[in-house]
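In what follows, a structure is listed as structure tokens, so that the remarks can point back to it.
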Amino acid sequence: MKTSPATTSERAGAAPGWLRHAPWLIFALFVGYGFAVGGYAATVISFALVYAVFVTGLNIFMGYANQVSFGHNCFAAVAGYASAVLTTAHGWGVAPAMAAGVFLAVAVALAIGLPTLRLKGHYLAMATLACGLISYEIAVEWKSVTQGYLGISGIPPLGVAGYEVTSDRAQLTLLAAIALVATLISGRIRDSRMGRAFLALGASENGAMALGVDVTRLKLLSFVVSAAFSGLAGALFVHVVGYVSPEVFGLHMVILAFTMLYVGGVGSIAGPLVGALLVSLLPEAFRGFKDYQDLAYGAVLILLLIYAPLGVASLFARERTASREKAG
Amino acid sequence: MTPDDARILETVALTGRYGHVAALAPTDLHIRKGELVAVLGPNGAGKSTLLRAIMAQVATSGDVLFEGERLPRDPRAATARGVVLVPEGRGVFGPMTVRENLELGAYRFGKAGFERRLARVVELFPRLGERASQLAGSLSGGEQQMLAIGRALMCDPKVLLLDEPSLGIAPRVTMEIFDTLAVLRDQGLPILLVEQKAPAALKLASRAYVLSLGRVAACLATDQITSYEDLARYYL
């Protein structure tokens, strides 16, 4: 991955090189484990990777540009339902249906972003939350298209040009590649001129405005780019599961994605990937606790947030993190 | 050249408001080439609103003329024309390094001429050169203000608007910053300086506008101010 001046060794106190590769090692270990074991483990890790794509998008808007959104599930729902409907009711191939879904999600993000991104902070959070709730209601009520609570079943699996990815290992491999590419793209975005502008916007809106940066346009751009990732995740989800209903893209998705983002490391490149894997697999690790599973899961999350307040990914860049904490 | 020809920035009945609240009554002022003009006044007088109105960062009416032409009512276009604001509170990008902050100052130029601009800024503020790889948020208040001014200079301004550069900064560092402003003034850069610390600002400025309750209460040549009691009545 291209390394920005922000992460070059010239910055005092950067972590040793090998330690900074730890997130990628975690990713490789989890995917390797899922591939070796297959079955349920591969499925759980596959879902985690779909979420990793979603959270990577959310990170662009919330981590880089430092805005707030509780409504990105809306874009996952738009793309997921679009891809489901196009493949099941209109006979489209999976790849073009997914592409159409992502395109539609981006269009919806533009339509929502233009009026709502004038808001800031809590007001923006509430507006985006409302968008997520509205999308849920539309999925419930627009029965002629979405089948309401019954949902749409028989959605074809991932595939392209007549080749279907049906085995759990093949699916895991494909999703790992997609999640990795999404993370690398996110890294390239952060190191790009546009990404620097996102970071500037996130650090000081007044400062960015004073430099002649078009703040409104930049917010919209970060919103739309992140919505594209969310749309891709939504489309992937329906083809991995083979079924979609309104609950899939409900408020639970938002809460889970937030947990993944903050556990992994908001604003970091690999944080969403690490966070999605850890948060998805922690409940499985505590399955033996039976009735106390949720208690143990919650306790670990609290401990993680206490001892790694900037996310697990920050542990692999300790001194830089310390500088950032000092930066306040 | 007549005095009017020398005007680089001029406001004509410029107002500023936040929603329905008018913070700046119709205001006429001007700044000439190579001139440092101070804008003084108590808290809430409309000083910061004046600068934000010039930059079209708040709702405005009236006009701003720059080099004799109407300045576009768009912050981005105003900056592109060379009218650059150093905002109150500095607005440095804390999680980024000093160098990255300066790079963003030259955002609209890309890489063209970056090293030349950087060398000029480092010459004016050597501390920024020493702290190039340090996170901006970890700098002292005075160094952050130097960075904010340096970042604005990276935009190649034709007019610099400064909003309270001494706010929250130790007197010794304030003097250091004001010495640099004097150098910039002597190099011919027109500066509109909003400042509460009148004595320090008046040492630099050739003229001063005094704002009170959102209006220009007085325009004074600094060499005509014999006593700060002349000014004090506008603050009361």
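Reminder, nothing fancy here: chain letters follow the sequence lines and each chain counts from 1. Values below: every heavy atom of this structure, side chains too, minus hydrogens, waters and symmetry copies.
- When B/G105, B/P75, B/A78, B/G91 are compared by the number of non-hydrogen pairs under 4.5 Å with chain A, B/G91 comes out ahead.
- The minimum heavy-atom distance between B/P87 and A/A210, with the atom names listed, is CD-CB, 3.7 Å.
- For the set B/L85, B/L104, B/V86, the count of heavy-atom pairs under 4.5 angstrom toward chain A peaks at B/L104.
- By the 6.0 Å contact criterion, CZ on A/R118 is open, its count of non-hydrogen atoms from other residues, nucleotides or ligands being 12 or less.
- When all heavy atoms of A/D214 and B/R76 are compared, the closest pair comes out as CB-CD, 3.6 Å.
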>> Determine whether B/M55 and A/M209 satisfy the following criterion, side-chain contact (heavy atoms from CB on, under 4.5 Å), listing intermediate values before the conclusion.
In response: CA-CA 10 Å; B/M55 295 302 294; A/M209 202 186 293; over 6 Å; no

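- For A/Y123, the OH atom sits in a loose shell: 12 or fewer heavy atoms of surrounding residues, nucleotides or ligands are nearer than 6.0 Å.
- Closest approach of A/S204 to B/V92, counting heavy atoms only: CB-O, 3.8 Å.
- Of all non-hydrogen atoms in B/Y107 and A/A197, the two that sit nearest each other are OH-CB, 3.6 Å.
- For CZ of B/F114, the number of neighbouring non-hydrogen atoms (other residues, nucleotides, ligands) closer than 6.0 Å is greater than 12.
- Between the CG atom in B/N101 and the CG atom in A/L211 there is a gap of 8.5 Å [rounded to 0.5 Å].
- When the heavy atoms of residues 139-174 of chain B are compared with those of chain A, the residues falling under 4.5 Å are B/R151, B/C155, listed by number.
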